[in-house]
S.K.: 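Encoded as structure tokens, here's the structure I'll be asking about.
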Amino acid sequence: LRRNQGEQEFHQAVREVLETLGPVLTQRPEFVDARIIERICEPERQLIFRVPWADDSGDIHVNRGFRVEFSSSLGPYKGGLRFHPSVNLGIVKFLGFEQIFKNALTGMPIGGGKGGADFDPKGRSDAEIMRFCQSFMTELHRHLGEYTDVPAGDIGVGGREIGYLFGQYKRITNRYESGVLTGKGLGWGGAQARTEATGYGCVLFTAEMLRSRGESLDGQRVAVSGSGNVAIYATEKAQQLGATVVTCSDSSGYVIDEKGIDLALLKEIKEEDRGRVSEYAERRGAHARFVPGTGVWSVPVDVALPCATQNELHADDALELVRNGVKAVAEGANMPTTPEAVRVLQEAGVAFAPGKAANAGGVATSALEMQQNASRDSWTFAHTEERLAEIMRHIHDSCYTTAERYGSPGNYVVGANIAGFELVADAMLAQGLI
Ligand code: NDP
């Protein structure tokens, strides 16, 4: 705690993992002797850098860029870049720490890292976004490489930003190194189903959890928070599996649509116009209404999918969800549920999937993109989606059986943490004191 002062989210993420590792440390004392916990909590490398850029009026701004290369035990550092004014070192470290275990759970050869900047893309023109991305990559490029560190998108970083970042990397290095970034456009090295993968994967994981309890998503009423990449494609897959998604949100409020979200309209507003969910309610007409502020979890549903940001579902929200009869909660976002809320849900017997398991489909499909780039190949949507579904089943089953093996049946938090930790800790032991 003293070494990482003020890094509140990082402490929260570490505590949540360490609290569950007791049984594996008792059974595997070699991990304790090799001081795996102390080593795994310290990033291999942390970079903080200046990102100067000029806006359209010529005014100069200076942002702070970050890349935390947390663990390369299983492969090159892999994890997204977040552009949001709230970004600081503690947030990047929490995301990077989670990423180590999430990436291990996918079964793919990828280490853990995360990065971003305290830059606010809202209201910025395409030209400003491009200049920011170019300045950001002008420093970051020297730390990247397909065998070293492979970033992707996250909040505020989608296809447009990855394009500008890739262009600048190529220009500086004079290398068309497709495997250095994932989430690329389909015409220039991107993978089918990558855009959809995190949201789809989260819903596939939810379907597996419900299946293990003898239920399915068909006919269930679902609340989704957020209206970005993860939220949109979680909504799409839930609808494909027969559920009715009745909400979406952004930082200004939420929409409730009793007839079910009109996904074509939501995509038009968010993906084309870069608008707000309040516009969805205005354009949808009588069935939908916009409610300012937080409160999306007060809507009665069978399944809740928090897909916006960290710490967005609190204990009182969890209590309300439980009172309204929620059966399953799966984290599309990273750490959206506070520890107190997780406890409320678990004690009430709600199936709860932590983000490092439920949202791992995105990074797993990024690893599939790297695989296609390395072999100069590109797979069909159907094939990639089938691989994603297999990976999500594998993650579900490995969390489920690990939780059982370590005496916490049905506890996906324990299962995900221990299963991911064992893979990384074994690799660290094998690779010596590095
Ligand atoms: P986007 O930028 O596409 O969307 C983020 C959404 O969350 C927007 O609706 C945004 O609303 C809302 N949001 C962001 N910050 C806040 C906040 N402080 N309060 C309320 N709402 C907020 O991001 P993604 O969909 O890519 O990411 C969402 C979550 O999923 C993040 O936790 C991310 O780390 C996680 N994730 C993403 C993956 C991916 O492949 N994209 C992979 C794995 C995890 P507004 O526009 O008002 O800010």
Side-chain angles (χ1 to χ4, degrees), residues 9 13 78-87 91-92 94-99 101-103 105-106 110 112 114-116 119-124 151-162 182-183 190-191 193-202 205 224-236 247-255 266-267 269-271 273-280 290 292-297 305-314 330-337 353-367 369 388:
E9 290 83 0
K78 181 89 198 88
L81 298 172
R82 176 176 292 191
F83 292 168
H84 193 272
S86 64
V87 166
I91 288 186
V92 178
F94 119 64
L95 291 163
F97 185 73
E98 290 272 296
Q99 198 81 44
F101 307 101
K102 177 189 309 192
N103 292 5
L105 284 172
T106 66
I110 40 179
K114 199 83 188 188
F119 167 69
D120 189 355
K122 276 201 197 84
R124 291 291 171 196
D154 190 79
I155 292 178
V157 179
R160 172 182 59 171
E161 291 74 18
I162 293 292
T182 58
R194 173 60 189 93
T195 305
E196 293 82 358
T198 307
Y200 275 25
C202 174
F205 194 99
V224 169
S225 66
S227 51
N229 172 263
V230 180
I232 286 176
Y233 292 97
T235 301
E236 183 163 288
T247 66
C248 62
S249 72
D250 60 26
S251 50
S252 53
Y254 69 96
V255 162
L266 184 63
K267 281 186 181 179
I269 290 169
K270 297 302 300 185
E271 295 183 336
D273 307 344
R274 297 185 188 275
R276 314 293 298 157
V277 295
S278 52
E279 292 164 39
Y280 173 93
F290 174 71
T294 53
V296 65
W297 309 121
L305 305 176
C307 296
T309 193
Q310 64 274 1
N311 293 328
E312 53 154 316
L313 196 165
H314 298 94
E331 295 186 326
N334 285 310
M335 209 169 73
T337 320
K356 61 173 78 67
N359 71 34
V363 74
T365 308
S366 276
E369 181 174 335
L388 170 66

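Note that ligands are numbered from 1 as they come in the structure, with each ligand's atoms numbered from 1 the same way. Everything numeric here is computed off the predicted structure, so don't read it as measured data.
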S.K.: Using only atom types and a distance under 3.5 Å, with no angle test, would you say the side chain of Glu369 pairs donor to acceptor with the backbone of Gly183?
M.R.: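 Side chain of Glu369 to backbone of Gly183, a donor-acceptor pair under 3.5 Å: yes, one is there.
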
S.K.: My understanding is that only residues two or more places apart in sequence, or in another chain, count here; which of them pass side chain to side chain donor-acceptor pair (under 3.5 Å) with Ser249?
M.R.: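 Side chain to side chain donor-acceptor pair (under 3.5 Å) list for Ser249, sorted by chain: empty.
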
S.K.: Given 3.5 Å as the limit, does a donor-acceptor pair link the side chain of Thr247 with the main chain of Val224, or not?
M.R.: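 Yes; judged by distance alone, with no hydrogens or angles, the pair exists.
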
S.K.: Not counting sequence neighbours, which residues clear side-chain contact (heavy atoms from CB on, under 4.5 Å) with Asn229? List them please.
M.R.: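 Asn229: side-chain contact (heavy atoms from CB on, under 4.5 Å) contacts with Thr195, Tyr233.
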
S.K.: With sequence neighbours left out, what residues match Lys267 under side chain to side chain donor-acceptor pair (under 3.5 Å)?
M.R.: Glu236

S.K.: Has Asp250 got a side-chain atom pairing as donor or acceptor with Val277's backbone, closer than 3.5 angstrom?
M.R.: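 Yes; at least one donor-acceptor contact below 3.5 Å.
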
S.K.: Show the protein residues that qualify under the rule heavy atom under 4.0 Å from an atom of ligand 1, listing them in chain and number order.
M.R.: Arg82, His84, Lys122, Asp154, Ile155, Gly156, Arg194, Thr198, Gly226, Ser227, Gly228, Asn229, Val230, Ser249, Asp250, Ser251, Arg276, Cys307, Ala308, Thr309, Gly332, Ala333, Asn334, Asn359

